[in-house]
Number of protein chains: 2
Amino acid sequence: MEILKTYKYQEELNALNQALTRPFKDAKTINDLVCQIFINVRDNKDKALKEYAKTFDKTDLKEIKVTTEEITEAISSIDQNLKNAITTAYENIRKFHINQYNVEKVVNISEGIQCWRKNAPIEKVGLYIPGGSAPLFSTVLMLSIPANIAGCKDVSLCTPPNKEGKIHPAILFAANLCGVKNIYKVGGAQAIAAMAFGTESINKVYKIFGPGNQYVTAAKQLAIDPIWNLGLAIDMPAGPSEVLVYIDSSGVAAYAAADLLSQAEHGADSQVVLVSSNENILNEVRDEVKKQLELLPRKNIAEAALNYSVSVLVKDKEEAIQMINDYAPEHLILQTKEEDFFIERIVNAGSVFIGNFTPESAGDYASGTNHTLPTNGYARSHSGVSVDSFIKKITFQKISEEGLKELGPTIEIMAEAEELMAHKNAVSIRLKKK
Amino acid sequence: MEILKTYKYQEELNALNQALTRPFKDAKTINDLVCQIFINVRDNKDKALKEYAKTFDKTDLKEIKVTTEEITEAISSIDQNLKNAITTAYENIRKFHINQYNVEKVVNISEGIQCWRKNAPIEKVGLYIPGGSAPLFSTVLMLSIPANIAGCKDVSLCTPPNKEGKIHPAILFAANLCGVKNIYKVGGAQAIAAMAFGTESINKVYKIFGPGNQYVTAAKQLAIDPIWNLGLAIDMPAGPSEVLVYIDSSGVAAYAAADLLSQAEHGADSQVVLVSSNENILNEVRDEVKKQLELLPRKNIAEAALNYSVSVLVKDKEEAIQMINDYAPEHLILQTKEEDFFIERIVNAGSVFIGNFTPESAGDYASGTNHTLPTNGYARSHSGVSVDSFIKKITFQKISEEGLKELGPTIEIMAEAEELMAHKNAVSIRLKKK
């Protein structure tokens, strides 16, 4: 096994670019299955959901919606240390996200012309929380807190039940802490379909958020396909998670290795990239990765991811920032004394972790930033989830008679030049009045 | 011809909802053709673009990029009144949009933990400006101005040439005014393909903006399909343009009619909706529409759109706002003395025009707001184009050793509960150090 194979940035650019190409899956078979699930859920609603619970979750659901009793029970069953930790994370995430809610002032364009934007929450949003091996209650916080700050009225949360038809108490505790009332025991593509079409139990939503396996990803993509004409939005396109660590002589190899491994344990398709201008450091980190890997319970997953991992040897920090901006990492870790150089110049990244004491897991859980970030190079054009993701900004304009007298001729000339005479007439008819 | 057929809101809700269903086109044939165009442009680049110019634009292009001489010539050829009008619009749009650029402050989460967001312009953006019957220079302003304010480095503008291989001077004037340097004579789906893949002349971009016919729309949708793995974004999903006018006894029927017609002349698939609690007003507006229609040069187009137009008779303003929020109009015109009631309660709309002297065409051209707005019900989940559309917000976090000592246990507890031990270890290894 050759992990973190080193490429020289400019000299071996083609080979490096090939090694850095994000994994791409042909999703044809998955898409066909997901499409069947969509049609079944659209037509048979709750009945279809209960069938899928039997097939996929191996449970016989009586009620799809989680009851108040189940929530109360979950809250009392959960360990106090975990409660405290989730509550601390909740407070930090809330503190950071509330700062994102920006009310713009009214702009006086000229005498008699006022324009402004109003924040309107997306009324109905759907949050998907994966189940599977571990309960991702941290994602509950990352999606529910900004939804709550934005003022979304109707927040639905879907997550798969276990064989006993139960949701993990930490998920219920986190959802309850964030004020989410409508929690449904539905997972997979059928959960996305339920929120897209609505069923007897689950409200149709306007925007769907959250990570998931390849079926969930395919379902989110399908839900926004114009063929359904659903008018839906999703948070962002999905892809495997990734980290890029830049390290110079002021960094600590063991920390860099730990960060690379925390990314690698996410899944075999995780991308792990190490960048330095110092070959010795690259080797040190590689040795540390090998050492720490042996101690991990998810060693097999991490090892699979590391087989595709890459080290990049750059000449200097200028080459480093160029390489980083080209790659557009979801997570960027900067273990360097020249952090200001990078902070100033970084344009393509999801979230940036500065200094030796800011591991990626801080942002994954509790520093306050959001962990739902653009992967797969989408950091070139997308931001991570924030309060903005739950808000639309409606523009308003109010023009007085005097204002229109002044601006009217401008509109008339432009409309005429664009050969839109009814547009011109909507002004002329108002100016003629008196 | 029955235009603006009246439906009573609650009593005839099913028939009304059917009448209000947005037109939906099966795009299968178009998609196949657009897919062929994509493959041809990807593989043959400029050569393919020149072939398409011959086939579709009936012109033999020597150069795809507009030269400095052509821009100088355009500027000198254009009428001074039109220049002044475009410049006034430019200033108003700039004044409104610059207010959208918001720099957030750093949040001190707790001792030793700082988080913030930085605005990073999307580096490479592509703007599509339709040609066809009229030169849509207003759209040049609406897309280039926010791109410029955001700080996008590389702005490409594609628009189809005429038979003489020229671009309309008003488009070149507007683009030059907004500082757009790279203007290309390419239209249709091939323009979108060129910006998505890049050619010898045209840079690959990260996000594509702009309206267009059904081929352009299909091409934008195709460009973001995961099958190409291009990491691209588009401004928003497209649909036919639409207006909803609410009018009470304080409104003027002739103005309402003029606004409905200015929407109807956009295309036969435009949606035109009139809402009032007063049946007499509905009838008055209808009579005015018929009268004004006769005088329009684009009468045929407007008439076709009016065949699908709808009047809605509501009981009161409460029913009106409910109906409006359900429909989620792209443009909402409020001719009412109770404007505050509506301004406060509107949650689903693209842009709102308040009072008798604020026609839709004001916002289409020169009030300052953007005219690229969510159609097709997408106002439930999308905003119109703004400076935000050209910016990503990158999150940063910086934690000191002391800060991590404090927050570390929270992260460790949460990571362990999610069974991600490498995430926990990235903290533990840092805390063990000393």
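Within every chain, numbering begins at 1; the chains are lettered A, B, ... in the order of the sequence lines, protein sequences first and strands thereafter.
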### Query
Will you find, in the side chains of A:Gln397 and B:Thr369, an N or O donor that is under 3.5 Å from an N or O acceptor?
yes

### Atom of A:Ser381, atom of B:Ala233 and distance for their closest heavy-atom approach
OG-CB, 3.6 Å

#### Entry: Heavy-atom side-chain contact between A:Glu339 and B:Lys398 under 4.5 Å
yes

### Task
Select one option (side chain, backbone, both, neither) describing which atoms of B:Gln114 are under 4.5 Å from chain A's heavy atoms.
neither

### Query
Measuring from A:Tyr365:OH to B:His423:NE2, what's the distance to the nearest 0.5 Å?
5.5 Å

#### Entry: Region of B:Glu344 that comes under 4.5 Å of a non-hydrogen atom in chain A
backbone

### Task
Identify the heavy atoms of B:Met421 and A:Pro297 that sit nearest to each other, and give their distance.
CG-CG, 3.4 Å

### Query
If you round to the nearest 0.5 Å, how far is OG1 of B:Thr88 from CD1 of A:Ile413?
8.5 Å

### Summary
When the 4.5 angstrom heavy-atom criterion is applied to B:Leu407 and chain A, the contacting part is side chain

#### Entry: Nearest non-hydrogen partners of B:Gln221 and A:Ile224, listed with the distance
NE2-O, 4.4 Å

### Task
Kindly indicate whether a cation-pi arrangement holds for B:Arg380 with A:Tyr206, taking the cut-offs as under 6.0 Å to the six-membered ring centre and within 45° of the axis.
yes

#### Entry: Part of B:Asn92 lying under 4.5 Å from any heavy atom of chain A
both

### Query
Which residue out of A:Leu420, A:Leu373, A:Ile411 racks up the most heavy-atom pairs below 4.5 Å with chain B?
A:Leu420

### Task
Return the option, out of B:Gly355, B:Gly377, B:Gly368, B:Ala417, with the maximum number of heavy-atom pairs under 4.5 Å with chain A.
B:Ala417

### Task
Identify which part of B:Ile98 has an atom lying under 4.5 Å from any heavy atom of chain A, answering side chain, backbone, both or neither.
neither

### Message
Evaluate B:Arg117 against A:Asn370 for side-chain contact (heavy atoms from CB on, under 4.5 Å), listing each step before the verdict.
### Response
CA-CA 11 Å; B:Arg117 295 203 296 177; A:Asn370 207 291; over 6 Å; no

### Query
When heavy-atom pairs shorter than 4.5 Å are enumerated against chain A, which of B:Ala362, B:Ala328, B:Ser110, B:Pro237 gives the highest number?
B:Ala362

### Summary
In this structure, CD1 of B:Ile354 is separated from OG of A:Ser400 (nearest 0.5 Å) by 12.5 Å

### Query
Roughly how far, to the nearest 0.5 Å, is CD of A:Glu412 from CG of B:Asn81?
12.0 Å

### Minimum-distance pair of heavy atoms, taken over all atoms of A:Val427 and B:Ser361
CG2-OG, 3.7 Å

### Query
Are any of the side-chain nitrogens in B:Arg298 or A:Glu419 under 4.0 Å away from the carboxylate oxygens of its partner?
no

### Message
Measuring only between side-chain heavy atoms, which start at C-beta, is A:Asn425 closer than 4.5 Å to B:Glu265?
### Response
no

### Query
If you tally heavy-atom pairs under 4.5 Å against chain A, which of B:Leu232, B:Leu261, B:Asn119 wins?
B:Leu232

### Task
Drop me the distance from A:Asn229's CG to B:Thr21's OG1, to the nearest 0.5 angstrom.
9.0 Å

### Query
Distance from A:Thr139 atom OG1 to B:Glu418 atom CD, nearest 0.5 Å?
6.0 Å

#### Entry: B:His266, part contacting chain A, at a heavy-atom distance under 4.5 Å
side chain

### Query
Of the listed residues (B:Gly403, B:Ala302, B:Ala258, B:Ala89), which shares the most heavy-atom pairs with chain A below a 4.5 Å separation?
B:Ala258

### Task
Given side-chain contact (heavy atoms from CB on, under 4.5 Å), test B:Phe353 with A:Ile399 step by step and report yes or no.
CA-CA 8 Å; B:Phe353 301 78; A:Ile399 306 181; over 6 Å; no

### Task
Might you work through the side-chain contact (heavy atoms from CB on, under 4.5 Å) test for B:Ile394 and A:Leu332, ending with a clear yes or no?
CA-CA 10 Å; B:Ile394 304 176; A:Leu332 169 63; over 6 Å; no

#### Entry: Under 4.5 Å from any heavy atom of chain A - which part of B:Gln292
side chain

### Message
Within the 4.5 Å heavy-atom criterion, are A:Val252 and B:Arg430 side-chain neighbours or not?
### Response
no

## Note on the structure
Closest non-hydrogen contact found for B:Asn108 with A:Lys95 is O-NZ, 3.1 Å

### Task
Heavy-atom distances under 4.5 Å only: say whether B:Lys105 touches chain A with side chain, backbone, both or neither.
both

### Structural part of B:Asp79 lying under 4.5 Å from a heavy atom of chain A
neither

### Task
With a 4.5 angstrom heavy-atom cut-off, could you sort out which part of B:Leu136 is near chain A: side chain, backbone, both or neither?
both

#### Entry: Test side-chain contact (heavy atoms from CB on, under 4.5 Å) applied to B:Ile86 and A:Thr410, step by step
CA-CA 8 Å; B:Ile86 293 175; A:Thr410 291; over 6 Å; no

### Summary
Heavy-atom nearest pair, A:Lys118 first then B:Ile343, reads NZ-O, 2.8 Å

### Message
Taking the side chain as everything from C-beta on, heavy atoms only, tell me whether A:Leu404 gets closer than 4.5 Å to B:Thr358.
### Response
no

### Query
Among B:Ser138, B:Gly384, B:Pro374, who wins on heavy-atom pairs under 4.5 Å with chain A?
B:Ser138

#### Entry: Residue B:Ile346 versus chain A: region with a heavy atom under 4.5 Å
both

### Task
Apply the test side-chain hydrogen bond (donor to acceptor under 3.5 Å, both in side chains) to residues B:Lys392 and A:Asn348: give CA-CA distance (whole Å), side-chain angles for both, the deciding distance (0.1 Å), then the verdict.
CA-CA 8 Å; B:Lys392 304 148 307 183; A:Asn348 296 329; 2.7 Å; yes

### Task
Return the option, out of B:Tyr378, B:Trp116, B:Phe137, with the maximum number of heavy-atom pairs under 4.5 Å with chain A.
B:Phe137

### Query
Given a strict heavy-atom distance threshold of 4.5 Å, which part of A:Leu141 is in contact with chain B: side chain, backbone, both, or neither?
side chain

